[in-house]
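These notes concern the structure reproduced below.
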Amino acid sequence: MHDSTRRDARARIAPAGLMFLAITSIGWGFNWPVTKFLLAELPPLTLRGVTGVLGAVLLALLAIMRRQSLRVEGAIWPRLLTAAVLNVTGWMVLMGLALLWLPASEAALIAYTMPVWASIIAWPVLGERPTVLRTLGLVMAFAGLATIMGGNGIAASAEKAPGIIMALAGAFGFAVGTVFSKKYPIHLPPITAAAWQIGIGCLPISIVGLLVETTHLSKVTPLGWWLLVYSTVVQFCIAYVSWFAALARLPASVAAIGTMAVPVIGVVASAIALGEPLGAGQIAALIFTLAAVVLATR
């Protein structure tokens, strides 16, 4: 495999990469309350898997309309499969299972340890030596997120251990996938690359979900159908394409730290859409976290 890493110069932060990262954060952030609403109407694996497969099909059709080839060279398949398993399948399955043992706030807090692992891995693998500002931004972001999620820490216990392990594994796997995709880029048109990764990653989830879960489409409300459209089009099509585009233009550590804006947006969106509490302390933490993300991308 070709090593695309350049160790002799500090990786450049492209403005377009920051724009794509912002689109990703907004799309994934608003999907928090959307998913929470939909889980009351549909089982989790079927919801995540089927919407992902539909999103991949839409992306494939868009690629064809734009005359982008869906053909994948034989040498690219190992990279494509590895990235799909780490960035899509592993993340969704492990984080979904973690919620069986953990409250959503604790699972989310563990999930967003991902930038720490990505920054640590990117240093020896990609030569992305952490700067003082980036390190400070990472620390600030975690302090803000800890406050947002309750600030009480994670009450580790034997009962919660499986959930903690799965959430950590999901976060570490996504970090490995982020660095892997940066070191061994998938040389395909962006829409084609996203279509294949999402399709490969979500197909096994949808199959398992349809086999083991019971779905009652009659229970889906009109609002639920609209939110399914959002989850399919925005989360999987727009946000994932933007994530891969951002990753191609930014250092892996910067892209990872930038995703810490996702739970910030999710908390605000949940407060507005679902009426969840959002006090003065949480608002201050939101501002603190967003400022940290800006600092880390300088």
Side-chain angles (χ1 to χ4, degrees), residues 1 3-5 7 11 13 17-18 20-21 24-25 28-29 78-99 102 106-131 134-146 149 154 163-186 193-194 197-198 200-201 239-240 242-264 266 289 292-293 296-297:
M1 290 184 179
D3 186 345
S4 67
T5 308
R7 299 175 182 266
I13 298 178
L18 296 178
F20 284 121
L21 187 59
T24 300
S25 296
W28 285 350
R79 304 183 191 187
L80 195 60
L81 291 170
T82 302
V85 169
L86 292 171
N87 292 327
V88 182
T89 308
W91 173 262
M92 291 188 177
V93 171
L94 288 170
M95 293 311 302
L97 291 176
L99 290 172
L102 295 174
E106 293 187 2
L109 184 56
I110 297 173
Y112 284 91
T113 61
M114 186 272 285
V116 172
W117 312 126
S119 297
I120 292 173
I121 298 169
W123 188 352
V125 175
L126 301 178
E128 293 182 9
R129 186 180 182 88
T131 64
R134 203 168 294 171
T135 302
L136 178 60
L138 190 61
V139 173
M140 288 174 60
F142 268 102
L145 283 179
M149 299 304 178
I154 297 169
I164 293 172
I165 292 171
M166 289 182 184
L168 282 172
F172 186 79
F174 198 96
V176 172
T178 298
V179 175
F180 177 88
S181 297
K182 190 68 179 179
K183 185 175 180 66
Y184 302 115
I186 298 171
Q197 289 187 64
I198 295 170
I200 294 170
Y240 258 105
S242 296
W243 167 247
F244 296 136
L247 190 58
R249 293 167 172 81
L250 297 173
S253 56
V254 172
I257 294 171
T259 62
M260 300 186 85
V262 174
V264 172
T289 304
V293 171
T297 55

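For the numbers below, each heavy atom of this structure counts, side chains included, while hydrogens, waters and symmetry mates do not. What you see is a predicted model; the values in this text were computed from it and never measured.
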Checklist entry - Between Gly17 and Ala246, which heavy-atom pair has the shortest distance, and what is it? => result O-CB, 3.6 Å
Checklist entry - Out of curiosity, Ile200 CD1 to Leu80 CG, how far, rounded to the nearest 0.5 Å? => result 4.0 Å
Checklist outcome for this item: For Ala239, the side-chain contact (heavy atoms from CB on, under 4.5 Å) test, sequence neighbours excluded, returns Trp28
Checklist outcome for this item: Across all chains, not counting sequence neighbours, the side-chain contact (heavy atoms from CB on, under 4.5 Å) partners of Ile165 are none
Next on the checklist: Less than 4.5 Å apart, side chain to side chain, heavy atoms only: is that true for Trp117 and Thr178?
Outcome noted: no
Checklist outcome for this item: Nearest heavy-atom contact between Lys182 and Arg249 is NZ-N, 4.2 Å
Checklist entry - With sequence neighbours left out, what residues match Val176 under side-chain contact (heavy atoms from CB on, under 4.5 Å)? => result Leu86, Ile121, Phe172
Checklist entry - Yes or no on side-chain contact (heavy atoms from CB on, under 4.5 Å) for Gln197 and Tyr240, after CA distance, side-chain angles and deciding distance? => result CA-CA 9 Å; Gln197 289 187 64; Tyr240 258 105; over 6 Å; no
Next on the checklist: If you apply the rule side-chain contact (heavy atoms from CB on, under 4.5 Å), what do you find for Asn87 with Phe180, and how did you get there?
Outcome noted: CA-CA 10 Å; Asn87 292 327; Phe180 177 88; over 6 Å; no
Next on the checklist: Taking side-chain contact (heavy atoms from CB on, under 4.5 Å) as the definition, give me every residue that meets it alongside Ala169, ordered by chain and number, with sequence neighbours left out.
Outcome noted: Leu94
Next on the checklist: Which heavy atom of Ala83 sits nearest to which heavy atom of Ser181, and what is that distance?
Outcome noted: CB-OG, 3.8 Å
Checklist outcome for this item: Residue set satisfying ring pair (Phe, Tyr, Trp, His ring centres under 6.0 Å) with Phe174, at least two apart, ordered chain then number -> Trp91, Trp243
